[in-house]
Amino acid sequence: MANSLILAAAAANKSLLAAPSHCHSFSLHSNCPPPHHCHSFPSKPFLHLHSLSLTSLHRRLIPVPALDSDVPHPLDQGSTVKVKNKRSKEIEEWDSWTAKFSGGANVPFLLLQMPQIILNAKNLMSGNKTALLAVPWLGMLTGLLGNLSLLSYFAKKRETEVIVVQTLGVVSIYVVIAQLAMAEAMPLPYYMVTSVVVATGLLLNFLNYFGMLSAGIWLFWEDFITVCGLSVLPQVMWSTFVPYIPNSILPGVISFVTAVAAVVMARTGKLSEKGVKFVGAISGWTATLLFMWMPVSQMWTNFLNPDNIKGLSAFSMLLAMIGNGLMIPRALFTRDFMWFTGSTWASLFYGYGNILCMYYFNSISGKFLLAATAGLVSWIGMALWRDTVVYGYSSPLRSLKELIFGS
């Protein structure tokens, strides 16, 4: 995930700043993709009348390989004729429920972000600008980039509920960044550039979602977030272990050059079709990997400075677990391997993982841990069971196989 990446890399910078992280989610990149991203499928000579209702689903009924996670597939692939009438109703109902679960993730993510915004506002109004220096603007900026990438990804897949989650993530992080700029904790030139990127990204995603943007402009935007994402990820990972390794910008520079070269080769026809598809999926996967790195960075910090555990909020970690967990059924149902990986990882290793660490260091009670464990296991078990029933499979392993390897 992927509000998907709110405050994403703030955790990655935590080892340098020794400040409690407020990162929380994956959850995890518009409507009409560029022509070269589209797949065409032979139309069927006819569809049974009862199957037509399935065209309202926001998903593809034929599983696809993980590399194709970011490619929206048309619903009329002929798969609807393969769905039994008896199961059509169940699929539609579960589609609706999983979409509502994803939309419901807005609640825990908003609850998680608002305290920081309110605290910053109070400090600004009281003239205590120094307090805002504890919030790493570079980490916030990285999180913002991740949210924009995921917004583009989910908008392309027309996952309306998750688009709202990602948009909330972009807006909420931008509000914090604006507060940092007001407190002079972020250089004004960087803030101005960030404002332009945010405004442009939101506008382009909005226009693309409603089919009002040309393919060429959208392709340029995708290339932009691909280069930015691939440049940021290795640098954030490297920075986590400073000062145990030399402080260097070399990882970011190498990644930037590699990303630019890959994009140029893809757009000039120097790569194979599979290579072009791989480059197109980079932005989504880099944002996902940023999410997946968050718990690693947080636990590394916990290991180095156990006393920092006291600065973590058990309620915040619970909200992070719940927010990401709510997206797991939808990611599984749509067979989106990237989304499923990010949401599950963030829920298990960031939310629940930190709760486990807090219990180990006696920061929370055993009852709190037991309740969190029971809730998470039950929810994931329910998602796997329900998906198996809806598809008419005999084992959830079949669903997971389709998720990872496609049909």
Are the aromatic rings of Y191 and W137 close, with centres under 6.0 Å apart? no

Where the side chain of N106 meets the backbone of G103, is there a donor-acceptor pair that is under 3.5 Å apart? yes

Would you find a donor on one side and an acceptor on the other, under 3.5 Å apart, between the side chain of T341 and the backbone of F337? yes

For the ring pair F241 and W293, is the centre-to-centre distance below 6.0 Å? yes

CZ-CD1 distance between F333 and I91, expressed to the nearest 0.5 angstrom: 6.5 Å

If you round to the nearest 0.5 Å, how far is OG1 of T344 from CD1 of I380? 6.0 Å

Spacing of Y209 atom OH and S152 atom OG [to the nearest 0.5 Å]: 14.0 Å

Nearest-0.5 Å distance that lies between atom CE in M182 and atom CG in L188: 12.0 Å

With a 6.0 Å cut-off (strictly less than), is the heavy-atom count around CE of M382, excluding the residue itself, greater than 12? yes

Cation over ring, R330 on F101, under 6.0 Å and within 45°? no

Does S395 offer a backbone N or O that forms a donor-acceptor pair with the side chain of S399 under 3.5 Å? no

I'd like to know if the side chain of T388 reaches the main chain of L384, judged simply by a donor and an acceptor atom lying under 3.5 Å from each other, with no hydrogens or angles considered. yes

Could you check L348, L318, I322 and say which one makes a side chain to side chain contact (heavy atoms under 4.5 Å, CB included) with L376? L348

Approximate separation, where rounding is to 0.5 Å, of R386 CZ and E93 CD: 7.5 Å

Mind checking whether Y391 and Y393 have parallel, tilted or perpendicular rings, split at 30° and 60°? parallel

If you count heavy atoms of other groups shown closer than 6.0 angstrom to CG of L119, is the number above 12? yes

Are W345 and Y350, when compared by the centres of their aromatic rings, separated by less than 6.0 Å? no

Keeping the roles fixed (side chain from W379, backbone from G325), state whether a donor-acceptor pair exists under 3.5 Å. yes

Is there side-chain contact between S172 and M114, with at least one heavy-atom pair below 4.5 Å? no

Do F210 and F206 make the cut of ring centroids closer than 6.0 angstrom? yes

Any chance CZ of F361 has more than 12 other-residue heavy atoms, nucleotides or ligands included, within less than 6.0 Å? yes

Side-chain contact test, heavy atoms from C-beta onward, threshold under 4.5 Å: evaluate it for T286 versus V232 and give yes or no. no

